[in-house]
Amino acid sequence: MRDGKGNKDRVTMLPLRVVGPLHEPIEHARELHRGDVVDGFGSAWLPFALDRKYPGAAREWGWQYVFPAGARSMDSRDGVERRHHLADQAFQRAIKNAVRGAGLAKPATPHTLRHSFATHLLESGDDIRTVQELLDTRT
């Protein structure tokens with residue numbers, strides 16, 4: 001994840017059982033990108049002046065979001081129309097709907113997933129330092 005909470009980049013594990021189900025949204029994102037390129041768009045915002053260092057990289061598939069927004073919009077940073085990532089609110093709404101659909105009585109948020117991830121790691125025998133590193137909570 002790039003530019004997460006606290007403007008930090010984070011890397012974590014991806015369970016093998018989610019690799020297969022990710023193929024469909026990735027292919028959907030690829031098709032949106034192809035359409036955007038055909039329409040004269042398709043560039044992603046690149047951090048740290050990478051767009052100057054690697055001209056044309058912003059239009060490459062590897063820089064596009066895995067979970068893109070449904071529509072393009074103007075980027076307030078540079079005034080370029082592009083497709084951004086799915087809004088945080090859309091993810092929060094999806095979690096809320098999943099909780100409701102599962103009939104859970106307790107409230108849950110995306111942050112609940114972070115706590116569940118840490119709990120499962122600790123229950124499976126991972127040490128606290130590894131969990132802190134994965135969650136980037138050490139100071």
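Atom set for the values below is all heavy atoms of this structure, side chains included, hydrogens, waters and symmetry mates excluded.
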Task: Approximate separation, where rounding is to 0.5 Å, of S116 OG and E123 CD - done: 9.5 Å
Open item on the list: Would you compute the distance between atom CZ of R100 and atom CG of N97 and round it to the nearest 0.5 angstrom?
Closed with: 5.5 Å
Open item on the list: Are L16 and M13 connected into the same hydrophobic cluster when the rule is that any two of I, L, V, M, F, W, Y join if their side-chain heavy atoms are below 4.5 Å apart?
Closed with: no
Task: Heavy-atom closest pair, residues R59 and Q64 - done: C-NE2, 3.9 Å
- [ ] Evaluate salt bridge (Lys or Arg N to Asp or Glu O under 4.0 Å) for R77 paired with D75, printing each intermediate quantity in order.
- [x] CA-CA 5 Å; R77 294 169 289 206; D75 192 325; 2.8 Å; yes
- [ ] Specify the closest pair of heavy atoms between V66 and A29, including all atoms of both residues, with the distance to one decimal.
- [x] O-CB, 3.5 Å
Task: Connected via hydrophobic side-chain network under 4.5 Å: Y54 and F48 - done: no
Task: Test log, rule side chain to side chain contact (heavy atoms under 4.5 Å, CB included), inputs V131 and F117 - done: CA-CA 9 Å; V131 174; F117 176 66; over 6 Å; no
Task: Any donor-acceptor N/O pair, R83 side chain to G70 backbone, under 3.5 Å - done: yes
Open item on the list: Please check: side-chain N/O of T130 versus main-chain N/O of D126, any donor-acceptor pairing under 3.5 Å?
Closed with: no
TODO: With the side chain counted from C-beta on, respond yes when V19 and L14 share a heavy-atom pair under 4.5 Å apart, and no when they do not.
DONE: yes
Task: Working for side chain to side chain contact (heavy atoms under 4.5 Å, CB included), residues L121 and L134 - done: CA-CA 10 Å; L121 286 174; L134 287 169; 3.7 Å; yes
Open item on the list: Just verifying a value: how many Å separate L86 CG and F91 CZ, rounded to the nearest 0.5 Å?
Closed with: 9.0 Å
Task: Same apolar cluster (I L V M F W Y, side chains within < 4.5 Å links), L135/L122 - done: yes
- [ ] Could you state whether L113 and V99 fall into the same hydrophobic cluster, counting links through intermediate Ile, Leu, Val, Met, Phe, Trp or Tyr residues with side-chain heavy atoms under 4.5 angstrom apart?
- [x] yes
Open item on the list: Please determine whether residues I26 and F67 belong to a single hydrophobic cluster, defined as Ile, Leu, Val, Met, Phe, Trp and Tyr linked transitively by side-chain heavy-atom distances below 4.5 Å.
Closed with: yes
Task: Nearest heavy-atom neighbours spanning A57 and L46 - done: CB-CD1, 4.0 Å
Open item on the list: Nearest 0.5 Å, please: how far is CE in M74 from NE2 in H84?
Closed with: 9.5 Å
TODO: Taking atom CD of E27 as the centre, report whether more than 12 heavy atoms of other residues, nucleotides or ligands fall under 6.0 Å from it.
DONE: yes
TODO: Give me the ring orientation class for H85 and Y65: parallel if the planes are under 30° apart, tilted from 30 to 60°, perpendicular past 60°.
DONE: perpendicular
Open item on the list: So which atom in V80 and which in S43 form the shortest heavy-atom distance, rounded to 0.1 Å?
Closed with: CG1-OG, 4.2 Å
Task: Rounded distance [0.5 Å steps], CG in D127 versus CD in E133 - done: 10.5 Å
Task: Inter-residue atom distance H23.NE2 - R30.CZ, 0.5 Å rounding - done: 11.0 Å
- [ ] Check whether any side-chain N or O of D39 sits under 3.5 Å from a backbone N or O of F41 as a donor-acceptor pair, and report yes or no.
- [x] no
TODO: Let me see the working for Q92 and T109 under side chain to side chain contact (heavy atoms under 4.5 Å, CB included), right down to the final yes or no.
DONE: CA-CA 7 Å; Q92 291 168 347; T109 66; over 6 Å; no
